[in-house]
Amino acid sequence: MAISSIQLCHGVWSAGARMAFSSSLHEQAISTSVRVSFGFPGPIGWNSCRFKGSQSRTSAVVRERGEKIEEYPPIDESVDADEDRQIVHSTPKPERDFTGTDAVPIYVMLPLGVINMDCELVDPEGLVNQLQILKSVNVDGVMVDCWWGIVEAHTPQVVMSFHECGGNVGDDVHIPLPQWIREIGQSNPDIYFTDREGRHNSECLTWGIDKERVLKGRTAVEVYFDYMRNFRVEFDEFFEDGLISEIEVGLGPCGELRYPSYPAKHGWRYPGIGEFQCYDKYLLKNLSKAAEVRGHSFWARGPDNAGSYNDAPHETGFFRDGGDYDSYYGRFFLNWYSQVLVDHGDRVLALANLAFEGTCIASKLSGIHWWYKTASHAAELTAGFYNPSNRDGYAPIAAMLKKHEAALNFTCVELRTLDQHEDFPEALADPEGLVWQVLNAAWDVSIAVASENALPCYDREGYNKILENAKPFNDPDGRHLSAFTYLRLSPVLLERHNFIEFERFVKRMHASQAMPYFVRLWHCCVVSFVELQSDDGKQFLILNYIRTKTIPNFRGQMASPRPHTHERSFHFPAVSSAAFVLAGKHRIPFLRLYRAPSDHRQITPEICSSGGNSGFFRHENLGFWRGKTDLFLEGLTSESLFYGISKAYIKNVQGRVHQLQEQVGTPGGGGVRRCRPLEEKERTKLRERHRRAITARILAGLRRHGNYNLRVRADINDVIAALAREAGWVVLPDGTTFPSRSQGSRPAAGTSAMITSSPSLMVPQQTPPPALRGVSPGYCSSVEYNTCEMKGVFIPTPSPYDISPSAPSQTSALVGDGVKQTESHLLIGGPMDTVNDKQIVDMPPKLPERDFAGTPYIPVYVMLPLGVINMKCELVDPDGLLKQLRVLKAINIDGVMVDCWWGIVEANAPQDYNWSGYRKLFQMVCELKLKLQVVMSFHECGGNVGDDVCIPLPHWVAEIGRSNPDIFFTDREGRRNPECLSWGIDKERVLRGRTAVEVYFDYMRSFRVEFDELFRDGIILMVEVGLGPCGELRYPSCPVKHGWRYPGIGEFQCYDQYFLKSLRKAAEVRGHSFWAKGPDNAGSYNSQPHETGFFCDGGDYTGYYGRFFLNWYSQVLVDHVDRVLSLAKLAFEGTCIAAKLSGIHWWYKTASHAAELTAGFNNPCNRDGYAAIAATLKKHGAILNFASSELHMLDRHEDFPEALADPVGLAWQVLNAAWDVCVPVASESAFPCHDRIGYNKILDTVKPLSDPDGRHFFSFTYLRLDPSLMERQNFMEFERFVKRMHGEAVLDLQV
């Protein structure tokens, strides 16, 4: 395996050199910050030397505190005496004093050729000597390029992957793209960026192939992901130890996010405007598609009047003032061109976050500053930054970086506009204006900004310019750069005079070494203070203090987190020696720090104590002591402490005074306004609580006894609307209320009318009891429950064929007067001509059905049998299956759904996939012109209801599980569930070097490559991604194999070591490490809520610990779906993806919703547990597949009334949670259905009658193809159901 240039830290050094470097790693506390960049060195010197495809840069922090630094002599002292005298006698210019300012870390870029083409370290001893010199001046670290062309030179998918070096100004080595990439490029040069003349630029890959499988079955972004992922695996110990602390991800030429619009190899010279780079066939196809969407297909071309590389803007028709860049076509083209850039960054950074989970990532942006003072900003436009004078082209990039929490690394901070004007006045450059635009675009969205110099810098004026940009003097928020990288380590830098200036620059960037620790400590609090004068003339200083999560220890690391505290205010006299107070609760030190006198002499402050904890000054040092754990901070004098406080926070005084004056009142109109007494505030709070309690009781009574559908936080408006609707009025969402046109005269007392939108369905009936009014019947158990309201927004209109437990009273009314009902539910009896007249009266009558003719077309799919593919991946009974598929085709079925079992395809060895049986099956489906929906089934089959075959997880996974059973979900008793992998290993490399999500991704990508033609031909329309047991997004909380039986609440499944580690980390962050456990009073699998202390009414699930645990438990579920769907979206780009959600409806009418809680849905009565899931699906453009179990549970309600189930209420809550964020909803039957009543229920659910927005399901899948479905009567009903789903008319509309 090739070893990357990170062997600087890893071990390809010779024995002696390795010891020396290893010593510096540990003794000097080196912290490495690897940054993977995918670009090349710039065409001019101010583009830092980085690969153009995927270069990794390592920043090794070599800071050492508390030790004496040995002086190393090897600095070149060949500076003559004349030069020394000139330096001594030169008149220094006044400079800004940076003492006490925030420290900015300094990194130095290592030479380009530090690693040769054989991936060997060049001159390790000399490099160590240079690093020791840098260490002597307290440089924080180094940065190094990890070249794609070196690491993956010959064979794809070995370690990482990206670009080339050479051909640009400042490049002293040549590192081409990998050989296998160049071979592909020879036959398909469109994998490179291309200009208008057809010249291809092999500097990096075009963004047009980000989603094209042209790199030996992989897309470009998959290649980048493999490169980063394998780098992460190769150097896992450096990430785990925190040595690698940052990854910069290259996104284009020179590792910068831009088009290669000014390549020196094609003749570009400064200050040419460059050319658009969008003429490869892939970008042109993208442009053509965008033009067709816009409705102007003739716009599918690049500008023909944009000039050439070395033109000036005024020489072109496109960029001149008032040129075509501001026309309709110009704005369309530039919007598309810049959006491709943003989309590329978005895709690659999303994968970088996945590959480097837990490590900071960054992206580099180049400074295209020439022609900045023109209206068009031509050079920026060709580079992809749509930044003319009337538009901010960097805001979308900053927003994209913010989305991925990535830092921005920006160049050219040392350039001065005046110098550029003197050298090239015609270029109209403004680097200072550009720098500030970019910095503020980033700071406005609160992302960290680092920087580096574009050109080598050795003079004091250049360093001063860097300092001014790094630490802006007039920034009202005190913002500054997060780090600075010096370009580049060279013999010139180590010359005596140059190095002296560099050392001086480093000191000024660091300011006071003690100050960063104080700033870190102070930033652990949210503090504001004001100085006010009271009525008697005394000065008061008011300090507001909010404790946050963590505090640093004396080694600069984060100490154990402390509990959150509430805001506290301290008032104390501001006499001549008064100063600032740091205070808190829960063993946080209480210190009184005195204001430094005017002469800045050091004083010893008073020592104060609070709760047995003390704070003190020890001579010139500030020390903190907390309980048994020492927290000690050295190097802070009272002067520097006061300077830091006043500098950082005195700017808030005026705003705080104004805010305080607005909030408090002034007695008698004079003096300082006083706050209301605390007693009055408490009385107000009590009155408000009392009022809310009364309202809550009213609403609870209406829900419970009147069965009104009131939302969780209902108010009086909801009550009035519910009453109006019961009276037959129509209440619109905006509050508009009017009588229904079908209302007619109001029925007499004791009678009512069933009102529906179809006149044919209006059947008079008797008034049901109060408990039956509304949507669903109430239920009272012997145990007192707080029944939970339905959480959905829209409730389906009750159907006359609804066989709910409340139906008997309705049915008796429909039979006729004087006729006694003899059955408790509707019966589908035998032929009517076999019974006599008396029996006809006693039998349920035929009810009119809703006419679905002309309704939206809903595709219908049929799930194939579980055993259609055997364990040898062979198609079972192909002839019989073909006959059945032809029968389904005859009734216009849209397609079939099939499970692709992980345990079959990758059964024997990792990444050894066998798709042979599925290929034969898919070929059969294609011949019948049916569509395909496939399920990526990462769970085992067998042991659940309806499973007639057994398909375990792959053998190699089972082998790992035998030695490490914690890869499976585990309950409180330690029982393992091998049905699927624990989500705790999503990011753990325990599957032979891969994480669980990487295993899923490799499987999905193999499927996408294997059946590429079916995706391109549109045969495979949707891929459902398995996310848990039974392929559903839930915990395996109710496993039959462990004894669970309906309606047991189930158990929490979070007791494997990986889940417990995650829980422990969350508890420590919260500040309560003793919360790192599962509930000990949550019962067992078959318990009922009232039998447990956790789920009972008012139980621990509502307590502080309960809410913490349930939030963590459900967030793990959301994080899992987020990670897996992000990779599924990448593997199946352009194809719909879906996630299946199960309906845990039992105990839905209790307050805790216990069965949902154990399954991972934090959905008690006062919280919507499905909104976060819907938002995640929306984020990835995924479809929600919801399994409907309404019909089956209607019978179960009679058998298990104590379960307090409400499948209808749950279904509408889930559907509306999805529809509210515009997520399409598909569905499938949870159990076999062959009768008309069942089909009508499905139709009513799939095509809601009462939805004001006309929303309906995306598709429906029938479960499942079997011999019973093919029976004559059953198949006739199924054919009729398919027609009605398609919106076709049927003749007999009666049940």
Side-chain angles (χ1 to χ4, degrees), residues 1 3-13 18 21-36 56-64 140-144 146 151 159-160 225-249 351-362 405-407 550 552-553 555-561 960 963-964 966-967 981-999 1056-1069 1073 1076 1116 1119 1123:
M1 177 182 292
I3 303 297
S4 76
S5 55
I6 294 300
Q7 58 191 340
L8 287 168
C9 304
H10 196 54
V12 291
W13 294 48
R18 172 178 177 143
F21 193 73
S22 176
S23 173
S24 65
L25 278 175
H26 297 288
E27 293 182 8
Q28 299 177 7
I30 294 182
S31 173
T32 306
S33 173
V34 179
R35 307 177 185 177
V36 180
S56 276
R57 308 180 333 186
T58 304
S59 295
V61 177
V62 294
R63 180 190 310 156
E64 180 182 21
D140 294 86
V142 295
M143 184 176 286
V144 62
C146 294
V151 175
V159 187
M160 297 185 282
F225 176 63
D226 291 334
Y227 184 81
M228 294 184 288
R229 179 176 63 173
N230 284 286
F231 177 83
R232 176 62 178 81
V233 173
E234 180 71 21
F235 303 103
D236 180 68
E237 67 273 19
F238 293 101
F239 285 92
E240 293 297 330
D241 295 340
L243 191 65
I244 297 176
S245 59
E246 183 179 289
I247 301 290
E248 181 178 293
V249 184
L351 292 176
N353 259 329
L354 180 64
F356 302 114
E357 183 79 30
T359 302
C360 296
I361 62 173
E405 295 299 330
T550 56
N553 63 22
R555 291 184 176 87
Q557 302 167 342
M558 298 315 291
S560 300
I960 297 173
S963 59
N964 181 15
D966 283 295
I967 66 172
L981 296 179
S982 167
W983 302 335
I985 64 170
D986 275 2
K987 300 183 291 183
E988 300 288 339
R989 299 190 178 279
V990 295
L991 301 178
R992 299 193 181 177
R994 294 186 294 168
T995 66
V997 292
E998 289 175 354
V999 169
D1056 61 79
Q1057 62 170 315
Y1058 305 104
F1059 264 117
L1060 290 177
K1061 182 174 71 173
S1062 173
L1063 177 58
R1064 183 164 52 253
K1065 182 178 179 180
E1068 290 173 355
V1069 170
S1073 57
V1116 171
D1119 291 342
R1123 281 188 291 265

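Nearest heavy-atom pair, Phe1059 versus Ser982, reported as atom, atom and distance to 0.1 Å: CE1-OG, 3.1 Å. Closest approach of Ala996 and Leu981 over heavy atoms only: CB-CD1, 4.4 Å. Of all non-hydrogen atoms in Ala1076 and Leu1063, the two that sit nearest each other are C-CD2, 3.8 Å.
Evaluation of the side chain to side chain contact (heavy atoms under 4.5 Å, CB included) rule for Asn964 yields Asp966, Ile967, Val990, Gln1057, Tyr1058 as partners, not counting sequence neighbours. Here Arg1123 pairs with Asp986 under the salt bridge (charged side-chain N to carboxylate O under 4.0 Å, His left out) rule; sequence neighbours left out. By the salt bridge (charged side-chain N to carboxylate O under 4.0 Å, His left out) test, Lys1065 is found to be paired with no residue, residues two or more places apart in sequence or in another chain being considered. For Thr995, the side chain to side chain contact (heavy atoms under 4.5 Å, CB included) partners at least two apart in sequence or on another chain are Arg989, Val997, Glu998. Scored by the side-chain hydrogen bond (donor to acceptor under 3.5 Å, both in side chains) test, Glu357 finds Lys987 as partners (sequence neighbours excluded). In terms of the side chain to side chain contact (heavy atoms under 4.5 Å, CB included) criterion, residue partners of Arg992 (sequence neighbours excluded) are, by chain and number, Pro910, Trp956, Glu959, Ile960.
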**Item:** Verdict with reasoning, Val249 to Met228, per side chain to side chain contact (heavy atoms under 4.5 Å, CB included)
**Value:** CA-CA 9 Å; Val249 184; Met228 294 184 288; 4.3 Å; yes
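Residue Arg994 holds its CZ atom at 11.0 Å from CG of Asn230, rounded to the nearest 0.5 Å. Taking OG1 of Thr359 as the start and CZ of Phe238 as the end, the distance is 13.5 Å to the nearest 0.5 Å. Atom CH2 of residue Trp983 and atom CG of residue Asp1119 lie 10.5 Å apart, to the nearest 0.5 angstrom.
In this structure, Phe356 and Phe231 have perpendicular ring planes: the angle between them is above 60°, well past the 30° mark.
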